[in-house]
Chemist: 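Sharing a structure here in structure tokens format.
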Amino acid sequence: KQEVTQIPAALSVPEGENLVLNCSFTDSAIYNLQWFRQDPGKGLTSLLLIQSSQREQTSGRLNASLDKSSGRSTLYIAASQPGDSATYLCAVSGYSTLTFGKGTMLLVSP
Amino acid sequence: GAGVSQSPSNKVTEKGKDVELRCDPISGHTALYWYRQSLGQGLEFLIYFQGNSAPDKSGLPSDRFSAERTGGSVSTLTIQRTQQEDSAVYLCASRTVARGNTQETQYFGPGTRLLVL
């Protein structure tokens with residue numbers, strides 16, 4: 001059974017810092033890996049999707065990497081802003097479903 | 001365009017009552033998913049539909065939980081004889097196709113927050 005672990009569970013940083021969120025998964029037979037953002041009381045918003053054959057994806061200040069063989073992914077956020085405060089979820093895709101980690105709760109203070 | 005919608009947004013019920021949660025996927029999306037997010041837990045997969053059929057119901061926690069989808073569109077998740085441990089946020093998602101190596105993400109609704117007293 002696929003298990004996804006995210007470290008740290010919570011992170012508090014001052015505005016402007018660069019930061020890294022970590023995700024690990026136990027079964028490397030995945031189709032893709034996604035990073036989502038969840039704001040309180042809201043649904044999930046997809047940030048980046050990395051296909052299993054890819055090594056990284058970038059969108060603006062976000063960069064996600066994937067090392068499928070070692071079962072690891074990182075989400076790098078550059079020059080963090082208070083608006084980045086949210087819970088970040090990592091999810092790996094099997095044939096038809098997603099398996100999620102418990103998330104990293106990020107707080108960026110002004 | 002319109003995204004995934006869910007209703008009600010909040011539901012408070014008494015232990016033992018039945019509840020129905022509704023999901024309206026994005027038009028044209030044949031795949032529909034239900035997840036549950038309990039306090040302090042990650043999202044748990046419950047069930048997915050491809051069209052009106054449910055090839056994978058493995059995540060349903062007990063026989064009190066059931067779901068159906070009609071017309072390849074709206075889906076209803078029903079919880080019978082609710083228990084306090086059923087309290088959670090129930091999220092619905094949809095995408096064009098269910099399977100395979102695709103770059104398409106799942107699009108999530110805002111969720112229904114269920115509280116069982």
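Residue numbering restarts at 1 for every chain, and letters A, B, ... go by the order of the sequence lines.
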Chemist: Group every Ile, Leu, Val, Met, Phe, Trp and Tyr by side-chain heavy-atom contacts under 4.5 Å, then state whether A:Leu44 and A:Leu106 land in the same group.
Modeler: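 No.
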Chemist: Give the cluster check for A:Leu62 versus A:Leu49: same hydrophobic cluster or not, with ILVMFWY residues linked at side-chain heavy-atom distances below 4.5 Å.
Modeler: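 Different hydrophobic clusters.
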Chemist: May I ask whether B:Phe49 and B:Ile26 are part of the same hydrophobic cluster, defined by side-chain heavy atoms of I, L, V, M, F, W, Y residues being less than 4.5 angstrom apart, directly or through others?
Modeler: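 B:Phe49 does not cluster with B:Ile26.
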Chemist: If you look only at distance, which donor and acceptor atoms sit under 3.5 Å apart when one is on a side chain in residues 54-63 of chain B and the other is two or more places apart or in another chain?
Modeler:
| unit_1 | atom_1 | unit_2 | atom_2 | d |
| --- | --- | --- | --- | --- |
| B:Asp56 | OD1 | B:Ser58 | N | 2.9 |
| B:Asp56 | OD1 | B:Ser58 | OG | 2.6 |
| B:Ser62 | OG | B:Arg64 | N | 3.1 |

Chemist: Closest approach of B:Tyr48 and A:Thr97, non-hydrogen atoms and distance?
Modeler: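 Minimum heavy-atom separation between B:Tyr48 and A:Thr97: CD2-CG2, 4.2 Å.
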Chemist: Report whether B:Phe45 and A:Val92 are members of the same hydrophobic cluster (ILVMFWY, side-chain heavy atoms less than 4.5 Å apart, transitive linking).
Modeler: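 In one cluster with B:Phe45: A:Val92, no.
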Chemist: Pick one of side chain, backbone, both or neither for A:Gln38, based on which atoms fall under 4.5 Å of a heavy atom in chain B.
Modeler: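 Looking at A:Gln38, just its side chain touches chain B.
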Chemist: Check residues 15-24 of chain A and write down every donor-acceptor pair under 3.5 Å in which the side-chain atom is one partner and the other belongs to a residue at least two apart or another chain.
Modeler:
| unit_1 | atom_1 | unit_2 | atom_2 | d |
| --- | --- | --- | --- | --- |
| A:Asn18 | OD1 | A:Ala79 | N | 2.8 |
| A:Asn18 | ND2 | A:Tyr76 | OH | 3.4 |

Chemist: How many angstroms lie between CG in A:Leu98 and OH in B:Tyr35, if you round to the nearest 0.5 Å?
Modeler: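 If I round to the nearest 0.5 Å, the distance is 4.0 Å.
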Chemist: For B:Leu91, is it the side chain, the backbone, both, or neither that has a heavy atom closer than 4.5 Å to a heavy atom of chain A?
Modeler: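 For B:Leu91, the contact with chain A is made by the side chain alone.
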Chemist: Is it the case that one hydrophobic cluster holds both A:Phe36 and A:Ile77, taking links as side-chain heavy atoms less than 4.5 Å apart, direct or via other members?
Modeler: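 Per the 4.5 Å side-chain linkage, A:Phe36 and A:Ile77 are not co-clustered.
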Chemist: Which residues from residues 14-24 of chain B are near chain A, with near meaning under 4.5 Å between non-hydrogen atoms?
Modeler: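 Within residues 14-24 of chain B, no residue comes under 4.5 Å of chain A, counting heavy atoms only.
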Chemist: If you count heavy atoms of other groups shown closer than 6.0 angstrom to CZ of A:Arg61, is the number above 12?
Modeler: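 More than 12 heavy atoms, drawn from other residues, nucleotides or ligands, come within 6.0 Å of this atom.
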Chemist: Which atoms of A:Leu89 come close to chain B, meaning under 4.5 Å heavy atom to heavy atom: side chain ones, backbone ones, both, or neither?
Modeler: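 For A:Leu89, the contact with chain B is made by the side chain alone.
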Chemist: Which residues from residues 106-117 of chain B are near chain A, with near meaning under 4.5 Å between non-hydrogen atoms?
Modeler: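 Against chain A, the residues of residues 106-117 of chain B that fall inside the cut-off (heavy atoms, under 4.5 Å) are B:Gln106, B:Phe108, B:Gly109, B:Pro110, B:Arg113.
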Chemist: So, for B:Leu43 and A:Phe100, which heavy atoms are closest and what is the spacing to 0.1 Å?
Modeler: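 Taking B:Leu43 first and A:Phe100 second, the nearest heavy atoms are CB-CD1, 3.7 Å.
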